[in-house]
There are 2 protein chains.
Amino acid sequence: MASQSKEDYIKVLYKLEQENKVVSTNDIASFLKMKASSVSDMLKKLAMEEYIDYTKYKGAKLTKKGVSKALSIIRKHRLWETFLVNHLKFKWDQVHDIAEQLEHIDSDQLIDKLDHFLNYPKSDPHGDPIPGKNGEIINLGHTPLNELNLMDNGSIAAIKKGTPSFLQYMDKLGIELGTKIKVIDKIEFDKSLEIKIHNKSIHLSQEVAQNILIKI
Amino acid sequence: MASQSKEDYIKVLYKLEQENKVVSTNDIASFLKMKASSVSDMLKKLAMEEYIDYTKYKGAKLTKKGVSKALSIIRKHRLWETFLVNHLKFKWDQVHDIAEQLEHIDSDQLIDKLDHFLNYPKSDPHGDPIPGKNGEIINLGHTPLNELNLMDNGSIAAIKKGTPSFLQYMDKLGIELGTKIKVIDKIEFDKSLEIKIHNKSIHLSQEVAQNILIKI
DNA sequence: TTAAATATTTAGCCGTGTCTAAAAATTTAT
DNA sequence: ATAAATTTTTAGACACGGCTAAATATTTAA
C-alpha cells in the first residue's frame with residue numbers, strides 16, 4: 001500500500017490533471033502547501049513505483065495504475081462522506097477533514113460493505129459522482145450555473161467547491177441539492193447573474209456561479 | 001495529537017498494566033514485536049509528553065493523562081467494532097484489524113455521533129465494555145468460565161481473547177454472546193471442564209475456559 | 001557475595017518525508 | 001540570441017520511528 005503521503009500526492013495529481021494536461025512541480029507544491037523541493041523528491045519516488053510518468057523539468061502525469069489508485073481514494077472519500085452525512089447526521093460542510101482521514105483506511109472488504117450499507121450511492125452529499133469499484137465514473141452531465149442562458153431552468157446538481165465556507169454560503173442562500181432555479185438576468189459587465197430560487201431572486205458573482213453545477 | 005505509533009504504545013501499556021503493576025521494556029517489545037531498544041527510545045518520549053511515569057531500568061506506568069488517552073483509544077476501537085459488526089455485517093472475527101486502523105481517526109465529534117448512531121452501546125461485539133466519553137468503564141462483573149463451580153449455570157458474556165482463530169473456534173463450538181451454559185464436569189487433573197451448551201456436552205481446556213467470561 | 005545470565009539503555013545507522021540554500025534547466029523578455 | 005526571471009532539481013540537514021551492536025544495570029544462581 002502507498003503511504004498516506006503518497007496517496008495525498010496521487011489525489012492532487014488527479015485533481016490537477018482534470019484542469020491541465022501535465023502537472024507541474026510548483027502546482028503540486030502550492031496545492032499541498034509544501035516546498036517544490038519536497039515535491040520533486042516525491043515525484044521521483046512515485047515514478048519509481050509507476051504511479052506517474054515523470055521526466056525531470058517536464059512535469060508529471062498519472063499512469064493507468066496511478067489513475068486507478070486516485071479513483072479508489074476518491075471512491076473511499078466520497079463513500080465516507082455519504083456515510084457521515086446520511087447516517088451520522090453531519091452537515092455537508094463538516095465532513096471533508098474527517099473523510100480525508102478515513103479515505104486512507106486500507107480494507108477493500110470494508111469499502112465493499114460500506115457501499116452496500118449505503119445502498120450503492122452514485123453521488124456524494126455535494127453531488128460529486130462516486131467512482132465504482134473498478135474506477136468507472138459516471139458523467140452526470142452537469143453544467144456550471146454561469147453557462148446557462150437567460151430564462152433557463154434547472155436544479156442544483158452539485159457544488160464543485162467543497163470548502164466549509166463556500167458550503168456555508170450555499171446554506172445561507174438556501175441552495176441545496178435538488179433546489180430548482182431559473183436564470184432571470186445575466187449581467188454582461190461582470191458576468192454575474194440573477195437567479196430565482198425558492199421564489200426569491202438572488203444575485204451571484206461569476207466566481208460563485210462557476211462552482212454551482214446544474215442539471216437542466 | 002499523539003502519533004499512531006505512540007497511541008499503539010499507550011494501548012499496550014494499558015493492556016499490560018491490567019495484568020502486572022509496572023510494565024517492563026521487554027514486555028512491550030515482545031507484544032509489539034519490536035526491539036527493546038526501540039521501546040526504550042519511545043518510553044523516553046512518552047515520559048517527556050507525560051503519558052507515562054518512567055524511571056530508567058524500572059519500567060513504565062501510565063499517568064492519569066496516559067490512562068485517559070488509552071481509554072479514549074479503546075472507546076474508539078470498540079465503537080468502530082460495534083459499527084462494523086452491527087451495521088456493516090462483518091463477522092466478529094474479522095473486525096479487529098480494521099478497527100485497529102479506525103481507532104486512530106482523530107475527531108471527537110465523529111465519535112460522539114457514532115456513539116449516538118449506535119445507540120450508546122455498553123459493550124462491543126466480543127462483550128468487552130466500551131469506555132464512556134469521560135473514561136468511565138463499567139464493571140460488568142463477569143467470571144472466567146474456569147472459575148465456575150460444578151453445576152453452575154450462566155450465559156456467555158464476553159470473549160476475552162479476541163484473535164480471529166479463537167473466535168472461529170468459538171463459532172465452531174456454537175458459542176456466542178448470550179448462549180446459556182452449565183458446568184457439568186470439572187476435571188481436576190488438567191483443570192479442563194465439560195459444559196452443556198445447546199443441549200450438547202462439550203469439553204474445554206483450561207486455557208480456553210479462561211478466555212470465556214460468564215454472567216452467572 | 002560474586003560471577004553469570006538477563007534486561008535495559010546508549011550509540012550509531014537507516015528509510016521516510018519534510019525543509020533551506022544553492023545549482024541547474026527552462027522560459028520569458030529585451 | 002542572449003540576458004534575466006522563473007522553475008525545478010540537487011545537496012545537505014532534521015525529526016520520527018524503526019534497527020543492530022555494544023555498553024551498562026539488574027537479577028539470579030553458584
Side-chain angles (χ1 to χ4, degrees), chain A residues 1-14 16-17 19-62 66 69-70 73 100-101 103-106, chain B residues 1-14 16-17 19-62 66 69-70 73 100-101 103-106:
Chain A
M1 204 212 8
S3 69
Q4 200 143 318
S5 183
K6 281 175 187 162
E7 292 195 350
D8 290 341
Y9 277 87
I10 291 169
K11 230 183 1 159
V12 172
L13 260 309
Y14 184 85
L16 296 177
E17 274 184 24
E19 292 149 30
N20 312 288
K21 261 273 86 66
V22 168
V23 179
S24 81
T25 302
N26 262 357
D27 288 351
I28 299 171
S30 72
F31 207 93
L32 288 178
K33 281 156 193 179
M34 287 201 283
K35 299 301 163 182
S37 56
S38 310
V39 174
S40 203
D41 280 353
M42 186 57 99
L43 291 182
K44 254 180 278 175
K45 293 177 197 165
L46 291 173
M48 215 128 58
E49 293 173 55
E50 301 188 289
Y51 285 115
I52 59 174
D53 288 325
Y54 169 57
T55 323
K56 280 202 288 194
Y57 295 101
K58 296 295 178 188
K61 190 168 182 313
L62 289 170
K69 183 71 185 179
I73 301 166
E100 203 89 325
Q101 295 183 64
E103 75 192 6
H104 298 295
I105 301 288
D106 180 37
Chain B
M1 202 213 10
S3 69
Q4 201 146 318
S5 183
K6 282 174 188 161
E7 292 195 350
D8 290 340
Y9 276 87
I10 291 169
K11 227 180 7 156
V12 172
L13 259 310
Y14 184 85
L16 295 177
E17 275 184 22
E19 291 149 32
N20 312 288
K21 262 274 85 66
V22 168
V23 180
S24 80
T25 301
N26 261 357
D27 287 351
I28 299 171
S30 73
F31 207 91
L32 289 178
K33 278 152 195 182
M34 288 201 282
K35 299 301 162 181
S37 55
S38 310
V39 174
S40 204
D41 280 353
M42 186 57 98
L43 291 181
K44 253 180 277 175
K45 292 178 198 166
L46 291 173
M48 215 126 57
E49 292 172 56
E50 301 187 291
Y51 286 115
I52 60 174
D53 288 325
Y54 169 56
T55 323
K56 280 201 290 194
Y57 295 101
K58 297 296 178 191
K61 191 168 179 315
L62 290 169
K69 183 73 184 175
I73 301 165
E100 202 90 327
Q101 295 184 65
E103 75 192 7
H104 298 295
I105 302 289
D106 180 38

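The basis for the numbers below is simple: all heavy atoms, side chains too, and nothing from hydrogens, waters or symmetry mates.
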Worksheet item: Are A:Met34 and A:Met42 side-chain neighbours, meaning at least one heavy-atom pair lies under 4.5 Å?
Response: no
Discussion item. Rounded to whole Å, how long is the line connecting atom NZ of B:Lys35 with atom P of D:dA21?
Written reply: 10 Å
Discussion item. Rounded at 0.5 Å granularity, tell me how far OH in A:Tyr51 sits from CG in A:Leu13.
Written reply: 12.5 Å
Practice prompt. For B:Lys45, report the nucleic acid contact type (base, sugar-phosphate, nothing); a contact means any heavy atom under 4.0 Å.
Written response: base
Worksheet entry | Length of the NZ-C1' vector between B:Lys33 and D:dC19, whole Å | 18 Å
Discussion item. Within residues 46-54 of chain A, which residues have any heavy atom lying less than 4.0 Å from an atom of DNA chain C?
Written reply: none
Worksheet item: Are A:Tyr9 and A:Ile28 close enough that some pair of their side-chain heavy atoms sits under 4.5 Å apart?
Response: yes
Worksheet item: In residues 36-43 of chain A, what residues come within less than 4.0 Å of DNA chain C, judged by heavy atoms?
Response: A:Ser37, A:Ser38, A:Asp41, A:Met42
Item to complete: Could you tell me whether B:Glu50 and B:Lys69 make a salt bridge, using a distance below 4.0 angstrom between a side-chain N and a carboxylate O?
Response: no
Discussion item. So, OP1 or OP2 of D:dT8: does either fall under 4.0 Å of a side-chain N or O from A:Asn26?
Written reply: yes
Item to complete: Using atom types as modelled and distance alone, determine if a side-chain donor or acceptor of A:Thr55 lies under 3.5 Å from a backbone N or O of A:Lys58.
Response: no
Item to complete: Check A:Leu62 against A:Glu17 and note the closest heavy-atom contact, atom names and distance.
Response: N-OE2, 2.5 Å
Discussion item. For DNA chain C, which residues of residues 1-11 of chain B approach it to below 4.0 angstrom with any heavy atom?
Written reply: none
Practice prompt. Evaluate whether atom CD of B:Glu49 has more than 12 neighbouring non-hydrogen atoms of other residues, nucleotides or ligands under 6.0 angstrom away.
Written response: yes
Practice prompt. I would like to know whether B:Ile52 and B:Lys61 meet side chain to side chain contact (heavy atoms under 4.5 Å, CB included); could you show each step before the answer?
Written response: CA-CA 5 Å; B:Ile52 60 174; B:Lys61 191 168 179 315; over 6 Å; no
Worksheet item: Do B:Glu103 and B:Glu100 come within less than 4.5 Å of each other through their side chains, counting heavy atoms only?
Response: yes
Worksheet item: Taking it one step at a time, do B:Ile105 and A:Ile105 satisfy side chain to side chain contact (heavy atoms under 4.5 Å, CB included)?
Response: CA-CA 9 Å; B:Ile105 302 289; A:Ile105 301 288; 4.1 Å; yes
Worksheet item: Can you list every side chain to side chain donor-acceptor pair (under 3.5 Å) pair that touches residues 32-47 of chain B, not counting sequence neighbours?
Response: none
Fill in: Whole-Å gap separating P (C:dG17) and CE (A:Met34)
10 Å
Protein and nucleotides 22-28 of chain D: nitrogen or oxygen contacts under 3.5 angstrom:
unit_1 : atom_1 : unit_2  : atom_2 : d
D:dA25 : O4'    : B:Tyr57 : OH     : 3.4

Response to the item:
Those residues at least two apart in sequence (or on a different chain) that pass side chain to side chain donor-acceptor pair (under 3.5 Å) with B:Ser24 are B:Asp27
Worksheet entry | Beyond-backbone contact of B:Leu43 with B:Lys56, side-chain heavy atoms, under 4.5 angstrom | no
